[in-house]
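For reference, the structure is listed below as structure tokens.
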Amino acid sequence: MVYFREEQKFEWFWTVIWLVPLPVIGYGLYRHVVSGILLWPALVVTAVVAVWINQIKLITEVRSDGLWIHFVQLWPERSIAWSDIRRVEATTYRPIKDFGGRGVRWAARGIVYNTRGKRGVRMELASGERVLVGSQRADELARAIGERTGAIQSSV
């Protein structure tokens, strides 16, 4: 059974960043300013990356058997058993400054899964590992996890 589900995508800005070169490369192909043969791979790679980024999404589910985190098109799914979670808290963080960006990141503060915003749920596992999951509904996610684990819960 699923008690909480959230799907998040990267902000539209990142897709646009990858789409900007397409008209420039296309115009170069049209005008043959630079050898058209060399521009075809650039056009294809840019288009593929733009489509790929648009398909990436972070799915977070609170299920009866544990927390399930899946970064579709980017990272294998991960599940965390309820018995492994010792502490949970909704928090505000700085994705760039604290973790060096978006996506799946490792830092001294632990591993983070995030796509957008600056709110998330920080967890401490029995192994000592720290995990942060970005969420647009951080308080609701932390509450759903806390209800199933009995973990210490606070709001930062």
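Along the sequence shown, residues are numbered consecutively beginning with 1.
Residue pairs meeting the salt bridge (Lys or Arg N to Asp or Glu O under 4.0 Å) criterion with at least one member in residues 45-71, sequence neighbours excluded, are Arg5-Glu61, Glu7-Lys57, Glu61-Arg63. Sorted by first then second residue, the ring pair (Phe, Tyr, Trp, His ring centres under 6.0 Å) pairs that include residues 48-67, not counting sequence neighbours, number zero.
Within the 4.5 Å cutoff, no side-chain heavy atoms of Leu132 are placed close to those of Ile111. Contact of the Leu67 side chain with the Met123 side chain is registered, since non-hydrogen atoms from C-beta on lie closer than 4.5 Å.
No donor-acceptor pair closer than 3.5 Å links the side chain of Lys118 to the backbone N or O of Pro95. Using a distance-only test at 3.5 Å, with no hydrogens or angles considered, no donor-acceptor pair links the side chain of Asp84 to the main chain of Ile80.
A distance of 13.5 Å separates CD in Gln73 from CG in Leu58, rounded to the nearest 0.5 Å. The OH atom of Tyr113 lies 5.5 Å from the CD1 atom of Ile69; values are rounded to the nearest 0.5 Å. Taking CZ of Arg119 as the reference point, atom CG of Asp139 lies at 5.0 Å (rounded to 0.5 Å). Atom-to-atom distance recorded for Glu147:CD and Phe4:CZ is 11.5 Å, nearest 0.5 angstrom.
Under the salt bridge (Lys or Arg N to Asp or Glu O under 4.0 Å) criterion, Glu129 pairs with Arg78, sequence neighbours left out. Judged as a side-chain hydrogen bond (donor to acceptor under 3.5 Å, both in side chains), and not counting sequence neighbours, the contacts of Ser135 are Glu6. In this structure Arg105 satisfies the side chain to side chain contact (heavy atoms under 4.5 Å, CB included) test together with Phe99, Val112, sequence neighbours excluded. Residues passing the side-chain hydrogen bond (donor to acceptor under 3.5 Å, both in side chains) test with Trp68 are Glu77, sequence neighbours excluded.
Both Trp106 and Val121 are members of a single hydrophobic cluster when ILVMFWY side chains are connected at heavy-atom separations under 4.5 Å. Linking ILVMFWY residues whenever their side-chain heavy atoms come closer than 4.5 Å, directly or via other members, places Tyr3 and Ile145 in the same cluster. Linking ILVMFWY side-chain heavy atoms closer than 4.5 Å, directly or via other members, places Met1 and Ile59 in two distinct hydrophobic clusters.
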Next on the checklist: Show, in sequence, the C-alpha distance, side-chain angles and deciding distance for Ile85 and Arg148, and conclude whether the side-chain contact (heavy atoms from CB on, under 4.5 Å) test is met.
Outcome noted: CA-CA 10 Å; Ile85 300 174; Arg148 273 135 200 93; over 6 Å; no
Next on the checklist: Apply side-chain contact (heavy atoms from CB on, under 4.5 Å) to residues Leu141 and Thr60 and explain how you reach the verdict.
Outcome noted: CA-CA 9 Å; Leu141 176 56; Thr60 309; 4.0 Å; yes
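Counted by atom type alone, Arg102 and Thr115 present zero donor-acceptor pairs between their side chains at under 3.5 Å.
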